[in-house]
Protein chains: 6
Amino acid sequence: MSHYVGKTGIVVRNIPRADADAINELGGYGVATVHEAQGRKGLLDPAIRPIQQDHGISGSAVTALVAPGDNWMFHVAVEQCQPGDILVVATSSPCTDGYFGDLLATSLQARGVRGLVVDAGVRDTRTLREMGFAVWSRAVYAQGTVKETLGSVNIPVVCAGQLVNPGDVIVADDDGVVVVRRTDVTMALEASRKRAEGEEQKRVRLENGELGLDIYNMRPRLAEKGLKYFDNLDELEG
Amino acid sequence: MSHYVGKTGIVVRNIPRADADAINELGGYGVATVHEAQGRKGLLDPAIRPIQQDHGISGSAVTALVAPGDNWMFHVAVEQCQPGDILVVATSSPCTDGYFGDLLATSLQARGVRGLVVDAGVRDTRTLREMGFAVWSRAVYAQGTVKETLGSVNIPVVCAGQLVNPGDVIVADDDGVVVVRRTDVTMALEASRKRAEGEEQKRVRLENGELGLDIYNMRPRLAEKGLKYFDNLDELEG
Amino acid sequence: MSHYVGKTGIVVRNIPRADADAINELGGYGVATVHEAQGRKGLLDPAIRPIQQDHGISGSAVTALVAPGDNWMFHVAVEQCQPGDILVVATSSPCTDGYFGDLLATSLQARGVRGLVVDAGVRDTRTLREMGFAVWSRAVYAQGTVKETLGSVNIPVVCAGQLVNPGDVIVADDDGVVVVRRTDVTMALEASRKRAEGEEQKRVRLENGELGLDIYNMRPRLAEKGLKYFDNLDELEG
Amino acid sequence: MSHYVGKTGIVVRNIPRADADAINELGGYGVATVHEAQGRKGLLDPAIRPIQQDHGISGSAVTALVAPGDNWMFHVAVEQCQPGDILVVATSSPCTDGYFGDLLATSLQARGVRGLVVDAGVRDTRTLREMGFAVWSRAVYAQGTVKETLGSVNIPVVCAGQLVNPGDVIVADDDGVVVVRRTDVTMALEASRKRAEGEEQKRVRLENGELGLDIYNMRPRLAEKGLKYFDNLDELEG
Amino acid sequence: MSHYVGKTGIVVRNIPRADADAINELGGYGVATVHEAQGRKGLLDPAIRPIQQDHGISGSAVTALVAPGDNWMFHVAVEQCQPGDILVVATSSPCTDGYFGDLLATSLQARGVRGLVVDAGVRDTRTLREMGFAVWSRAVYAQGTVKETLGSVNIPVVCAGQLVNPGDVIVADDDGVVVVRRTDVTMALEASRKRAEGEEQKRVRLENGELGLDIYNMRPRLAEKGLKYFDNLDELEG
Amino acid sequence: MSHYVGKTGIVVRNIPRADADAINELGGYGVATVHEAQGRKGLLDPAIRPIQQDHGISGSAVTALVAPGDNWMFHVAVEQCQPGDILVVATSSPCTDGYFGDLLATSLQARGVRGLVVDAGVRDTRTLREMGFAVWSRAVYAQGTVKETLGSVNIPVVCAGQLVNPGDVIVADDDGVVVVRRTDVTMALEASRKRAEGEEQKRVRLENGELGLDIYNMRPRLAEKGLKYFDNLDELEG
């Protein structure tokens with residue numbers, strides 16, 4: 001499939017999607033946990049930021065590749081979306097134009113789409129927040145776009161430094177966006193559960209004043225690496 | 001007039017302003033709509049961001065050109081401001097210093113000024129939000145400035161990539177800032193009204209599940225350009 | 001002491017701290033005032049931004065130097081923190097990884113630490129806000145870190161362009177972060193008080209419509225420098 | 001294969017490579033031509049710049065994924081390189097450290113490797129130029145790296161925004177870097193030949209003063225889109 | 001005229017140009033001198049960099065406004081160029097695509113055009129250097145562009161932060177690019193001559209070891225501002 | 001001494017300098033080697049780049065702190081320079097103005113100064129290269145500066161992220177700039193010698209085709225960390 005990265009003029013109608021319950025549960029764990037759970041991979045570039053605060057979503061990726069300054073393929077992509085999807089849009093070269101605003105959001109929301117991740121600009125951000133339509137983008141910019149050049153929908157794309165296949169699972173929150181391969185969802189889910197449990201136990205111990213140095217037994221290895229403690233600055237200087 | 005871009009040592013006392021009702025109505029349509037309505041021009045660089053959220057203003061530009069790290073001309077500019085104005089400040093070379101804080105905002109607010117657009121830094125941002133004084137800036141930075149070098153007030157300036165003449169209309173909201181030539185206000189207003197109406201009709205249809213592909217009759221032209229649909233990935237690969 | 005900048009493998013246990021009341025009072029004046037009061041120095045790079053809004057803190061700096069992508073020293077640093085401290089972390093080379101999340105914040109909060117200033121990335125930002133743990137960072141990024149390479153704790157570090165000694169006072173709010181040398185605290189405090197009083201008086205006059213031009217007696221010097229007033233654009237052009 | 005993007009701990013010893021003559025011929029056409037010939041795709045981010053001027057290479061990609069600030073996998077990758085290869089290195093999170101210098105270049109040069117493309121920093125750049133070892137990188141920075149964390153060699157990587165599979169063909173010159181899928185080489189080669197011929201004919205006509213407007217018959221479509229000519233500024237204003 | 005900034009669909013055929021000898025002499029003084037001579041204005045953003053080294057030009061600006069990722073107007077602009085011109089291109093929104101390569105350069109060179117200043121990307125940079133066609137650009141990037149959207153030729157444009165009118169004089173060298181209003185050429189020329197003479201005299205004195213402190217009689221004013229000299233660090237600390 | 005970081009209005013006349021032979025020998029090893037030899041510290045931010053290629057220097061730091069857009073202190077600093085010095089200039093807030101050109105370079109060259117490191121912009125770069133005066137800067141920009149605000153000379157400064165004391169040793173080449181504490185010179189020199197010898201031996205072995213994997217005996221530890229080799233992609237997938 002990766003042979004199709006960057007190809008234009010293609011729309012794929014039916015894509016595989018992961019189990020809806022699994023997707024939702026992954027969303028509950030959040031980006032940082034899922035990223036760790038699947039072996040520290042899949043994070044989009046930190047330049048992709050949410051336009052809203054304290055909100056997280058998860059869903060199946062419907063992918064689109066668009067030309068710079070041209071949002072034609074957004075309209076093509078809308079038709080391929082189903083409830084629970086997240087639209088993931090890459091550009092064929094860097095562009096911060098405002099590809100997406102409240103009308104397209106209305107259309108996606110009408111189809112049950114949960115949000116947009118786009119390596120470009122968006123606009124109408126106040127209205128998008130009022131609508132409750134979640135967006136992660138590289139820029140906020142009102143610059144309009146044209147509808148002249150074909151891209152593709154539902155081929156693999158490289159979005160903000162990560163390969164995203166149609167049907168991969170997207171988790172997005174205040175920390176950014178992570179992609180989970182559709183075939184890794186079960187693994188990522190189990191690892192996330194385990195990690196969340198472990199974190200909960202550690203949190204209680206840390207709240208009670210125990211130190212990570214002791215919980216993780218770091219002291220011997222720190223000493224072995226040569227860490228030296230000094231009582232005060234005078235001892236260090238002396 | 002554009003002959004004066006970049007000249008220092010000049011203050012112009014009386015500038016033409018557009019009709020107050022027209023300015024206010026333009027503000028109601030917001031940046032994205034006004035930008036589209038006037039033919040997709042006049043947007044300031046997307047690096048200019050608001051310090052507050054979900055707030056929009058419009059007003060007549062009082063312009064100022066300031067030296068890097070020198071906010072002397074802000075004080076000169078305050079005197080030239082009237083109720084309903086927006087102060088628009090350009091620097092003669094890039095600078096992120098904090099030119100503007102709560103005292104200058106107090107002075108501008110006392111004169112009825114609606115906000116500040118500055119291609120530099122500002123400070124006291126929490127107080128500015130509490131005061132309800134709206135600001136769009138390139139940076140937030142507490143670095144102080146001096147008062148040694150002349151600039152100008154109410155000459156044309158290039159602010160964040162756009163030419164702004166004194167008396168031009170500024171519309172600013174969460175999407176950024178757009179400048180409308182004073183002589184284009186009527187045109188921009190009529191086009192904005194028309195555009196807003198059209199958008200409202202489309203919004204209803206999109207909410208009802210109609211597709212942009214159909215509303216805008218995009219399918220024939222997409223096909224003509226060569227867009228191909230595939231039922232699934234296997235068909236694409238096959 | 002500055003001889004130790006950049007050295008690794010060192011932890012200093014006891015550091016001098018400024019008077020707690022003085023630290024708290026400095027925090028009340030905020031970054032812009034304190035920066036001005038101490039002679040316009042000590043501001044960290046404006047790229048360091050808060051993850052929360054409308055919140056300010058002050059405290060004694062516990063410093064840490066960490067390797068890129070390696071948060072081991074955070075755990076070492078926690079043990080050296082006391083109530084009222086702020087952890088200040090520099091990296092030995094630029095890195096935006098998410099060094100810090102809710103577990104480390106829980107541990108710091110349990111020790112009474114007031115916040116974190118880090119020239120790198122953080123994660124779990126929504127949870128950090130919910131916990132009320134204040135953070136200033138260069139980036140928000142979920143990318144995990146390892147625990148393999150030693151850094152140092154409580155040596156002088158250069159964080160976001162400023163030298164920070166352990167025990168220096170940190171003031172941080174929406175405008176950014178400023179460091180006050182421990183030995184300058186009394187001077188900074190007195191100057192901040194005086195400045196705050198002066199600003200309050202000016203604020204009242206400005207609210208009443210007086211101009212900075214008159215309050216600061218700027219007109220003669222502006223004229224001397226050659227500032228020219230024109231009644232209108234025609235006069236300027238003529 | 002794309003399932004393996006981002007996985008660590010993997011080395012693949014034998015990878016398919018394209019025909020050597022085809023690779024060399026592609027290199028002769030250069031980045032701009034090959035990019036156009038294969039349908040305008042495959043360009044790495046323009047932030048990847050050569051450390052030398054007026055030099056171009058092509059070769060088979062040996063890929064590596066490395067941790068931030070950790071160049072251990074470079075040594076693992078060297079062993080997998082053959083004459084005619086280009087080493088392509090991605091990092092698991094953004095990092096500008098100097099992963100690569102003259103010793104690693106000596107080792108690669110001894111194996112007949114033609115160059116390095118790395119989404120990070122390099123050092124010893126003067127020596128690299130003297131050695132004639134070609135490098136494209138995101139940064140020049142002397143910052144050293146450690147050898148603690150595993151990455152992978154010869155799995156698909158996303159390098160500077162493009163998916164690169166082991167065995168894909170890399171063309172790099174002053175314009176940047178483009179990747180050609182191994183399975184697209186024949187297509188890209190034929191299209192490059194055709195394009196180069198066409199360009200040569202056009203160059204002669206343009207040198208003789210013919211206009212692109214006429215050669216490409218652009219005038220009717222420009223008129224149809226509404227382009228208006230004015231004899232001079234007065235006519236425009238009038 | 002500035003009313004036309006940002007308008008599309010316009011070509012102006014005949015533009016006023018400054019005296020050729022004056023333009024050439026200005027070029028000889030270089031960017032830094034001309035910028036100072038005309039009162040420190042007119043400098044384009046420092047992000048605009050030459051693709052060649054140790055080369056300077058001057059000429060009359062033929063201006064073009066282009067859409068993002070669309071180089072159609074370059075072809076329209078070529079026809080409006082005369083010997084001695086410099087093509088100055090602005091984009092209607094930020095874009096780093098490679099709008100310009102060796103074929104367009106061949107066409108411009110055939111018409112006697114001296115160079116290109118473009119607030120976007122270029123490609124074929126090695127060939128451009130071999131041709132001796134001078135270019136200043138924001139980026140080097142091979143990304144191709146389309147020909148779908150109208151811009152304008154020979155209207156005022158804002159290029160890299162400066163207003164450029166058709167017929168204004170451009171001076172470009174290793175220090176960047178400066179624009180001189182056509183009506184300011186005589187003034188700028190005389191001031192440049194005077195400045196160059198003054199600099200030559202100062203250079204001789206400085207080469208002979210005289211200090212700027214004495215040549216410019218800075219010591220009294222430095223003392224008055226409060227500059228204090230200390231014999232050594234001990235005296236400072238003491 | 002670090003108490004004086006950021007203070008203005010101070011000039012220190014006599015500073016300690018390291019042994020001239022030691023400084024020169026350090027310069028011969030270059031930035032990457034010296035940085036490693038002294039324990040991977042002291043590197044200035046990679047944004048500081050040379051204006052010339054394939055040239056390296058070393059010398060004693062004369063330091064200056066300057067206001068944004070104000071180069072007055074350069075003239076004060078010249079007088080404090082001796083043969084073999086390098087002028088190191090920090091700004092009190094970020095600024096890319098062209099503080100330094102050929103006249104100041106003439107003056108420094110007349111005093112035997114070897115070069116300039118400045119966290120700001122420079123101009124006259126072509127002339128500087130012709131003069132053979134070496135410069136490392138953050139930007140090239142012709143923007144002029146004023147002479148209104150005091151800074152300091154020969155106090156400790158933070159330049160591009162590193163603390164530099166007057167009399168510290170600077171090594172600068174194509175890889176960037178590193179600072180060596182004056183009191184660390186002997187240590188750094190011995191470690192550089194040892195490192196250079198070790199590298200020379202390794203270079204010979206690598207040229208002969210030996211692998212770093214074997215020279216550094218990396219294989220056992222890689223295996224222990226879990227690195228897995230696969231014969232080919234099929235085996236990996238299988």
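Below, chains carry the letters A, B, ... as their sequence lines are ordered, and counting in each starts from 1. Not measured: the values here are computed from a predicted model.
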message = Non-hydrogen contacts under 4.5 angstrom with chain C: give the residues of residues 31-65 of chain B involved, or none if there are none.
response = B:I51
ask   = Taking non-hydrogen atoms and a cut-off under 4.5 angstrom, which of residues 108-130 of chain B neighbour chain C?
value = B:A110, B:R111, B:R123, B:D124, B:T125, B:R126, B:R129
Per-residue contact mode, B:V76 against chain C (heavy atom under 4.5 angstrom) = both
task = Identify the heavy atoms of B:N154 and C:L233 that sit nearest to each other, and give their distance.
result = O-CD2, 4.0 Å
query = What is the minimum heavy-atom distance between C:L211 and B:V78, and which atoms define it?
reply = CD2-CG1, 3.6 Å
request  = Could you note down all residue pairs passing salt bridge (charged side-chain N to carboxylate O under 4.0 Å, His left out) where residues 56-84 of chain B supplies at least one of them, sequence neighbours left out?
outcome  = B:E79-C:R219
message = Let's test your reading of the structure: which of B:P16, B:G101, B:G144, B:G98 forms the most heavy-atom pairs below 4.5 Å with chain C?
response = B:G144
request  = Determine which residues belonging to residues 85-97 of chain C lie within contact range of chain B, meaning some heavy atom pair is under 4.5 Å apart, and list them by number or answer 'none'.
outcome  = none
task = Hey, could you give me the OG/CD1 distance between B:S107 and C:I215, rounded to the nearest 0.5 Å?
result = 7.0 Å
message = For a side-chain contact (heavy atoms from CB on, under 4.5 Å) check, start with the C-alpha distance between C:F230 and B:I155, then their side-chain angles and the critical distance, and finish with the verdict.
response = CA-CA 11 Å; C:F230 299 83; B:I155 59 163; over 6 Å; no
ask   = Do you know which of C:D173, C:N232, C:V178, C:L213 has the most heavy-atom pairs with chain B at a distance under 4.5 angstrom?
value = C:L213
query = Taking C-beta and beyond as the side chain, do C:D174 and B:V140 meet within less than 4.5 Å on heavy atoms?
reply = no
Pairwise distance CG(C:L236) to CZ(B:R13) - rounded to 0.5 angstrom = 12.5 Å
Chain C contact via B:M131 - side chain, backbone, both or neither, heavy atoms under 4.5 Å = neither
query = In terms of heavy-atom pairs under 4.5 Å with chain B, which of C:R221, C:K202, C:E207 leads?
reply = C:R221
query = Taking all non-hydrogen atoms of both residues, which atom of C:K225 and which atom of B:L150 are closest, and how far apart?
reply = O-CD1, 3.4 Å
remark   = Checked B:Q80, B:E148, B:K147 vs chain C; the most non-hydrogen pairs under 4.5 Å come from B:E148
query = So which heavy atom on C:E199 is nearest to which on B:L103, and how close?
reply = O-CD2, 3.6 Å
task = Count the heavy-atom pairs under 4.5 Å between each of B:T145, B:T149, B:I15 and chain C, then report the option with the highest count.
result = B:T145
